[in-house]
Amino acid sequence: MDKKTIQTDVLIIGGGTAGCYAAITLAEQSDKEVLIAEKADIKRSGCLAAGVNALNAYIVSGNTPEDYLEYVKKDAEGLIREDLVLTMSERLNKVTKHLEEMGLVILKNKDGEYVTRGNRNIKINGENIKPILANQVYSYSNITVFNRVNIIDYIVADNQIIGAYGFHILKNTFYTIFAKTVICSTGGAAGIYKPNNPGLSRHKMWYPPFNTGAGYAMGIRSGAEMTTFEMRFIALRCKDTIAPTGTIAQGVSAPQINGAGELYDKQYGAPTTANRVYSTIEENKQGRGPCFLKTEGIGEKAEEELLKAYLNMAPAQTLKWLERGKGPNHENVEIEGTEPYIVGGHTASGYWVDTGRQTTIKGLYAAGDVAGGCPQKYVTGSLAEGEIAALSALRYIEETTFKTIYKEEQQEYERTGFEAVNKFLHHPEGIYTVFQLEEAMQKVMDEYAGGISGNYGYNQSRLVIAESRIRELRELALRLHAKDCYDLMKIYELLDRLLVAEAVIVHLEARKETRWHSFQENLDFQEKDEAYFLYINSIRKNERFEIIKRAFVGRGVVYEHTH
Amino acid sequence: MDKKTIQTDVLIIGGGTAGCYAAITLAEQSDKEVLIAEKADIKRSGCLAAGVNALNAYIVSGNTPEDYLEYVKKDAEGLIREDLVLTMSERLNKVTKHLEEMGLVILKNKDGEYVTRGNRNIKINGENIKPILANQVYSYSNITVFNRVNIIDYIVADNQIIGAYGFHILKNTFYTIFAKTVICSTGGAAGIYKPNNPGLSRHKMWYPPFNTGAGYAMGIRSGAEMTTFEMRFIALRCKDTIAPTGTIAQGVSAPQINGAGELYDKQYGAPTTANRVYSTIEENKQGRGPCFLKTEGIGEKAEEELLKAYLNMAPAQTLKWLERGKGPNHENVEIEGTEPYIVGGHTASGYWVDTGRQTTIKGLYAAGDVAGGCPQKYVTGSLAEGEIAALSALRYIEETTFKTIYKEEQQEYERTGFEAVNKFLHHPEGIYTVFQLEEAMQKVMDEYAGGISGNYGYNQSRLVIAESRIRELRELALRLHAKDCYDLMKIYELLDRLLVAEAVIVHLEARKETRWHSFQENLDFQEKDEAYFLYINSIRKNERFEIIKRAFVGRGVVYEHTH
Amino acid sequence: MSIRINREKCTGCGKCIEVCPGTLLFKEVEGSKAFIKYPKECWGCTSCLKECKFEAISYYLGADIGGNGSIMHVTEEGNELHWHITDAGGNKKIISIDRTKANSY
Amino acid sequence: MSIRINREKCTGCGKCIEVCPGTLLFKEVEGSKAFIKYPKECWGCTSCLKECKFEAISYYLGADIGGNGSIMHVTEEGNELHWHITDAGGNKKIISIDRTKANSY
Ligand SMILES: Cc1cc2c(cc1C)N(S(=O)(=O)O)[C@H]1C(=O)NC(=O)N=C1N2C[C@H](O)[C@H](O)[C@H](O)COP(=O)(O)OP(=O)(O)OC[C@H]1O[C@@H](n2cnc3c(N)ncnc32)[C@H](O)[C@@H]1O
Ligand SMILES: Cc1cc2c(cc1C)N(S(=O)(=O)O)[C@H]1C(=O)NC(=O)N=C1N2C[C@H](O)[C@H](O)[C@H](O)COP(=O)(O)OP(=O)(O)OC[C@H]1O[C@@H](n2cnc3c(N)ncnc32)[C@H](O)[C@@H]1O
Ligand SMILES: Nc1ncnc2c1ncn2[C@@H]1O[C@H](COP(=O)(O)O)[C@@H](O)[C@H]1O
Ligand SMILES: Nc1ncnc2c1ncn2[C@@H]1O[C@H](COP(=O)(O)O)[C@@H](O)[C@H]1O
Ligand SMILES: Nc1ncnc2c1ncn2[C@@H]1O[C@H](COP(=O)(O)O)[C@@H](O)[C@H]1O
Ligand code: SF4
Ligand code: SF4
Ligand code: SF4
Ligand code: SF4
Ligand code: NA
């Protein structure tokens with residue numbers, strides 16, 4: 001394996017939605033050297049690879065950022081970081097404008113105003129949203145992009161970030177990257193739980209299977225404080241294809257009905273995102289499933305438009321309609337809940353950040369799905385957080401006097417970083433493959449930590465088993481053999497997921513109430529308990545997670561870390 | 001492919017428990033030429049391959065065959081064929097004696113009496129039970145054994161059996177076998193539903209994955225009447241290894257407890273085999289799982305003996321205890337329900353036979369797990385049925401004047417039989433593999449026909465979807481390509497399972513009550529309804545199953561087919 | 001797996017390999033055809049289909065998620081994306097999308 | 001899959017191939033070593049282990065069902081079956097069973 005050492009002002013880990021936009025912000029506002037390290041290729045990496053259907057977060061005319069905050073708050077049973085949601089909301093329209101300038105097609109009415117879908121969404125052609133962002137990134141000379149470079153760990157000294165380690169997946173090169181500041185924008189984590197279709201189509205999931213929680217895990221390993229891992233995101237999706245449903249639900253106003261054709265969602269409390277899933281699960285449990293979005297009779301024109309809309313975002317769903325020989329006008333669309341994802345852009349799991357998106361590690365910022373406390377940021381919110389993090393990082397560079405890293409110190413960092421990966425290349429081949437251990441992990445999480453098979457519910461007896469088996473699996477994973485850098489990446493993905501899994505277990509255990517149905521369904525404590533109107537945070541010390549309970553942070557304040 | 005034509009007096013399809021014993025009976029009682037066609041090798045094929053732990057059906061001293069009948073009847077909510085259960089019960093002890101003479105080790109007390117486990121079981125060393133049976137078979141000169149010959153269809157003329165088709169899995173030979181009478185003893189069907197561990201260990205199931213319902217499917221295709229496919233067997237098994245639990249439950253008197261350590265089985269009605277599963281499922285649903293057999297504190301000696309007992313039957317469980325570093329004395333044994341199997345030896349699905357075990361196809365007999373109406377036959381009951389079928393078949397040969405099959409007619413049979421398999425060898429390779437379609441089938445059955453993921457419940461809305469997709473999958477299966485006879489076998493296994501799956505769906509639909517919790521849990525009709533105190537039978541005509549409801553058959557009578 | 005690469009049509013241009021978000025596509029040997037090395041890892045995002053100028057990559061649904069024999073590929077013409085679907089019986093259908101127009105929903 | 005065949009130890013005698021209830025074992029080429037052709041089809045019945053006189057076949061639990069690195073093989077000595085278990089750390093254990101004795105449970 002070759003070894004290379006790189007120096008940069010700003011390292012951005014993950015060139016997805018937030019990462020690209022952070023880079024663009026930095027390039028527009030400064031002459032700092034920016035390096036994006038991306039495990040795939042920024043043209044089609046991350047959540048936006050296949051396209052998205054709408055911009056789900058936009059302040060439509062007549063509404064204010066506070067309205068968006070109120071909506072998010074209500075949807076999350078009150079428990080959000082108001083400072084974060086508000087600062088994000090204030091930027092939603094600005095970043096949207098910017099996106100449009102870059103080339104995104106947005107539907108407008110005759111007066112040139114964006115056409116809304118529901119109260120907060122605007123209609124776009126999102127098929128090529130990622131190539132648009134990538135092109136913009138490539139237009140700046142002070143941004144360097146390392147595609148196919150997988151980052152595996154931070155370099156931290158005295159709780160201050162000084163860089164990160166990674167390797168090129170194809171070129172067999174190990175990188176030690178030193179940076180003044182680092183923005184983590186690696187997205188959330190899929191593949192922690194057994195997926196809906198664990199066989200051939202196991203990766204036909206909603207969230208990208210390549211977002212494996214690396215950013216969470218790197219933070220956890222470096223002692224960063226994390227928040228709200230117990231608020232898992234379970235999406236209500238089109239059966240089998242796991243394609244988004246909002247386009248149908250909002251687009252053609254299709255209500256949810258059960259197997260008997262009855263409307264049911266009103267019977268399960270407020271129609272929150274969580275309750276849309278929960279109500280469906282309950283109907284199934286009562287024997288009234290399967291459940292559907294009622295689309296029959298929407299008309300041929302609407303059907304045709306839906307077929308097109310899905311090609312721009314989730315082509316599998318269009319193909320599915322064609323396979324069935326029946327489009328949505330002729331057959332209702334069956335729905336199901338997905339496996340639980342950990343994703344700070346829909347729910348609130350991730351780094352515990354200050355209002356400027358700095359993590360508890362000095363100089364390390366988080367934006368997008370990897371950042372906690374701020375649900376329902378979606379595409380535009382992730383862009384907004386990319387911007388906020390970039391601006392904070394710039395200020396940090398200006399305000400900080402950086403220590404010189406001397407040659408010997410640097411070599412010591414290079415050596416220890418490299419040894420960590422090199423050992424896997426030298427392990428003998430064992431009984432298990434990385435894929436088998438991944439499957440084993442997903443099964444444990446499914447059965448003992450509230451996955452699909454248990455209708456998302458969990459209890460203490462099960463969590464105890466989950467935790468001990470997840471820790472056993474980590475021991476097995478640490479002994480895996482890698483024959484090349486692709487294998488190495490898979491091993492790190494597994495180790496990262498195992499760590500996220502453990503965090504999820506510990507957080508689920510700590511919340512001794514049921515705050516969000518399905519998302520966090522504690523069968524030992526089936527009611528909401530206002531004593532738990534607080535954030536469950538954690539820091540890993542000596543290989544164990546310690547829980548920290550933190551009080552509510554309201555809007556208006558600028559929250560700062562106190563360490 | 002070579003083609004061979006064979007003539008014999010008696011063809012036995014499946015050289016398992018019942019098949020071997022039928023052959024032995026015929027060899028001992030007659031000089032008829034007997035041919036066993038076995039897809040594997042009779043030394044270690046079928047249910048007995050790994051060994052069994054006890055003889056579960058024995059009339060212990062002080063009890064009568066009627067007592068066993070009463071027990072079976074009660075366990076099955078009354079709905080059994082009394083004539084069948086009684087005639088089986090009457091032979092249990094005789095075949096046991098015979099087995100002991102062949103070499104099976106049975107535990108005896110100082111007085112030379114068999115030691116009982118519970119009320120009906122006796123203790124053995126069942127590790128080599130199958131080699132013992134096979135040796136006995138090989139000791140007779142009028143029995144020929146074709147190992148690795150997979151039988152795929154009957155040859156029937158005017159509703160009378162005249163033979164069967166098959167092929168050698170390894171030798172590339174197609175067989176047309178003509179016989180005066182045929183005994184079908186192919187066992188039940190596993191792999192219809194998604195298994196407990198659908199990944200790497202997908203075949204670590206309780207019932208043999210190689211018993212694929214061939215006998216059921218051949219009968220269905222030939223228009224035989226089948227019974228009680230809706231009474232699926234769901235086993236309560238050791239978590240993950242799917243090893244039997246009776247040895248622990250009866251052997252060391254371990255009760256079922258939930259995650260909180262509470263005894264729960266008494267709260268769910270009579271402690272029937274079905275309710276032992278149902279109660280466990282319900283505890284899990286209520287959030288009180290996981291459930292266990294309470295073994296902690298049984299003592300070191302008992303633990304050691306259990307480790308040995310499982311090596312004689314399900315070695316995985318012993319290994320599991322060693323892997324955990326904790327045997328049953330130190331940790332309770334977690335239990336779970338299996339996927340639904342179709343198996344006439346534990347429940348009652350299979351051929352609708354007369355008291356002599358003749359099916360509705362003249363000259364075709366059924367014995368063991370493939371024969372319906374007579375649950376809880378287990379090993380000894382299967383031997384008993386093998387004997388009954390053999391004796392009936394002998395009588396049939398004596399009493400029947402057989403039509404000569406002329407050369408040209410014979411060639412026509414050979415030609416049409418061969419063409420059916422040959423077409424698969426000439427299909428082009430398609431998108432899907434046989435394994436993928438099998439997985440797809442199991443997923444459909446799991447989700448829409450009451451599998452594990454829905455806690456075994458089903459309703460009409462789901463069954464409609466299941467049936468239509470199973471029929472689509474058959475169309476896809478009919479287009480599969482086989483490159484060799486192993487592939488051919490896999491394709492037939494899939495086609496057979498798809499047909500059994502369809503039968504199960506149609507039967508589940510027809511029983512508009514819930515007769516046996518979990519085994520047949522109709523969520524549209526959640527109570528038992530005495531209007532359904534009747535057998536649900538079916539015959540397939542023009543590619544569709546027709547339901548026939550048949551009235552209860554009591555003991556004492558000799559039931560005969562009336563067509 | 002949800003894609004198939006037609007070896008006859010593949011020119012080995014390498015564009016699909018460049019974009020795959022899972023790093024799943026490789027060349028068989030330097031200069032030769034593309035193939036999917038880790039089929040079960042495929043997300044079905046169709047990024048590779050859109051890169052291929054030679055109609056060499058097609059997409060299908062696994063039978064476990066309702067696939068019934070159809071395959072799909074995509075071609076580009078000016079601002080238009082043409083999605084070509086061929087069902088198991090060989091029947092063809094094209095759905096065209098103007099990239100300069102937004103979705104109606 | 002739950003078995004592994006050690007190519008070094010296998011003599012190619014073919015006895016395991018004869019008994020497998022799933023027809024999963026084959027020889028690599030005529031006369032050479034046994035291998036499991038369809039690993040996911042294995043039932044884990046251990047019939048093949050018991051046939052092998054050369055300790056060439058061992059059994060393990062998939063990680064999905066709790067495997068933690070141990071492997072097991074079996075040898076025969078008179079009426080005794082010796083089950084040899086080696087855990088991930090290399091620790092060995094033998095459980096012996098007298099075939100002429102019945103189970104206690
Ligand atoms: C997956 C998904 C998401 C959405 C949707 C459909 C689908 C199928 N729909 S709807 O259904 O919700 O409706 C959207 C929609 O229509 N409208 C909308 O506003 N939002 C949607 N989302 C949500 C947003 O898209 C989402 O919140 C943001 O895009 C998140 O942005 P960000 O947090 O930047 O994540 P990313 O995936 O874009 O980027 C992560 C990048 O990191 C890389 N990476 C990860 N680990 C790395 C490592 N170790 N080293 C180097 N690189 C490493 C990734 O490759 C990636 O590039
Ligand atoms: C699978 C299983 C079953 C049992 C147990 C543990 C396990 C793991 N346990 S406890 O857990 O219940 O406790 C047992 C126990 O301890 N005690 C007991 O009495 N019964 C037990 N059973 C039940 C009995 O064993 C069972 O009821 C009988 O053995 C059934 O006998 P039979 O119906 O003959 O089935 P078979 O599997 O033995 O034979 C079928 C044969 O047919 C072959 N075959 C199938 N299709 C064919 C085709 N197309 N062409 C040619 N051959 C083709 C098969 O290869 C096989 O040889
Ligand atoms: N049934 C529904 N009713 C109203 N809004 C919905 C519904 N389903 C989804 N949405 C919204 O549509 C957007 C995209 O949702 P989804 O496609 O489910 O990710 C989000 O803003 C959701 O809140
Ligand atoms: N989380 C949600 N996001 C968007 N729409 C929702 C959500 N929850 C419920 N809805 C439904 O969407 C409709 C529009 O809601 P709203 O966007 O709140 O005006 C309401 O009638 C709700 O039924
Ligand atoms: N909990 C139990 N109580 C009584 N008998 C049982 C129990 N579990 C299993 N059995 C009996 O043990 C034998 C084997 O059961 P199994 O091992 O579950 O197949 C059968 O005769 C069962 O009826
Ligand atoms: S569909 Fe997407 S994930 Fe699959 S091979 Fe193509 S680019 Fe890769
Ligand atoms: S883009 Fe098309 S032609 Fe180019 S390498 Fe990929 S499959 Fe081959
Ligand atoms: S364990 Fe049984 S099924 Fe598996 S390879 Fe050996 S004989 Fe065949
Ligand atoms: S029984 Fe053992 S030595 Fe013989 S072929 Fe099988 S593995 Fe090789
Ligand atoms: Na369930």
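For clarity, every value in this text was computed on a predicted model and none was experimentally measured. Note on naming: letters A, B, ... go to the chains in the order of the sequence lines (proteins, then strands), and numbering restarts at 1 for each one. The analysis underlying the following values was restricted to heavy atoms, covering all of them including side chains, and did not include hydrogens, waters or symmetry mates.
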Interatomic distance, CH2@W321(B) vs CD1@I85(D), rounded to 0.5 Å, equals 13.0 Å
To the nearest 0.5 Å, atom NZ of K15(D) lies from atom NZ of K43(B) at 5.0 Å
Under 3.5 Å, side chain of K320(B) to main-chain N/O of I65(D), donor-acceptor pair present? yes
Proximity breakdown for L49(D) and chain B, heavy-atom pairs closer than 4.5 Å: neither
Given heavy-atom pairs under 4.5 angstrom as the criterion, report whether the side chain, backbone, both or neither of L24(D) touches chain B. side chain
For a 4.5 angstrom cut-off between non-hydrogen side-chain atoms, does L107(B) reach Y105(D)? no
Does a side-chain heavy-atom distance below 4.5 Å link K490(B) with E41(D)? yes
Hey, is E127(B) close enough to K50(D) for a salt bridge, meaning N to O under 4.0 Å? yes
Check ion pair K40(D)-E439(B) (N to O, under 4.0 angstrom): no
At a 4.5 Å cut-off on heavy atoms, which part of [X] comes close to chain D: side chain, backbone, both, or neither?
X	value
Y207(B)	backbone
L306(B)	both
I106(B)	backbone
K123(B)	both
I124(B)	backbone
K130(B)	neither
A314(B)	neither
K301(B)	neither

Could you go through L319(B) and W83(D), starting from their C-alpha distance and side-chain angles, then the distance that decides it, and tell me whether this counts as side-chain contact (heavy atoms from CB on, under 4.5 Å)? CA-CA 10 Å; L319(B) 186 52; W83(D) 295 84; over 6 Å; no
Counting heavy-atom pairs closer than 4.5 Å to chain B, which one of G67(D), S104(D), S96(D) comes out on top? S104(D)
Donor on one side chain, acceptor on other, D64(D) and N197(B), under 3.5 Å: no
Test log, rule side-chain contact (heavy atoms from CB on, under 4.5 Å), inputs M72(D) and L311(B): CA-CA 11 Å; M72(D) 175 157 94; L311(B) 285 173; 4.2 Å; yes
In terms of ring plane angle, is the pair Y38(D) and F435(B) parallel, tilted or perpendicular, where the classes change at 30° and 60°? tilted
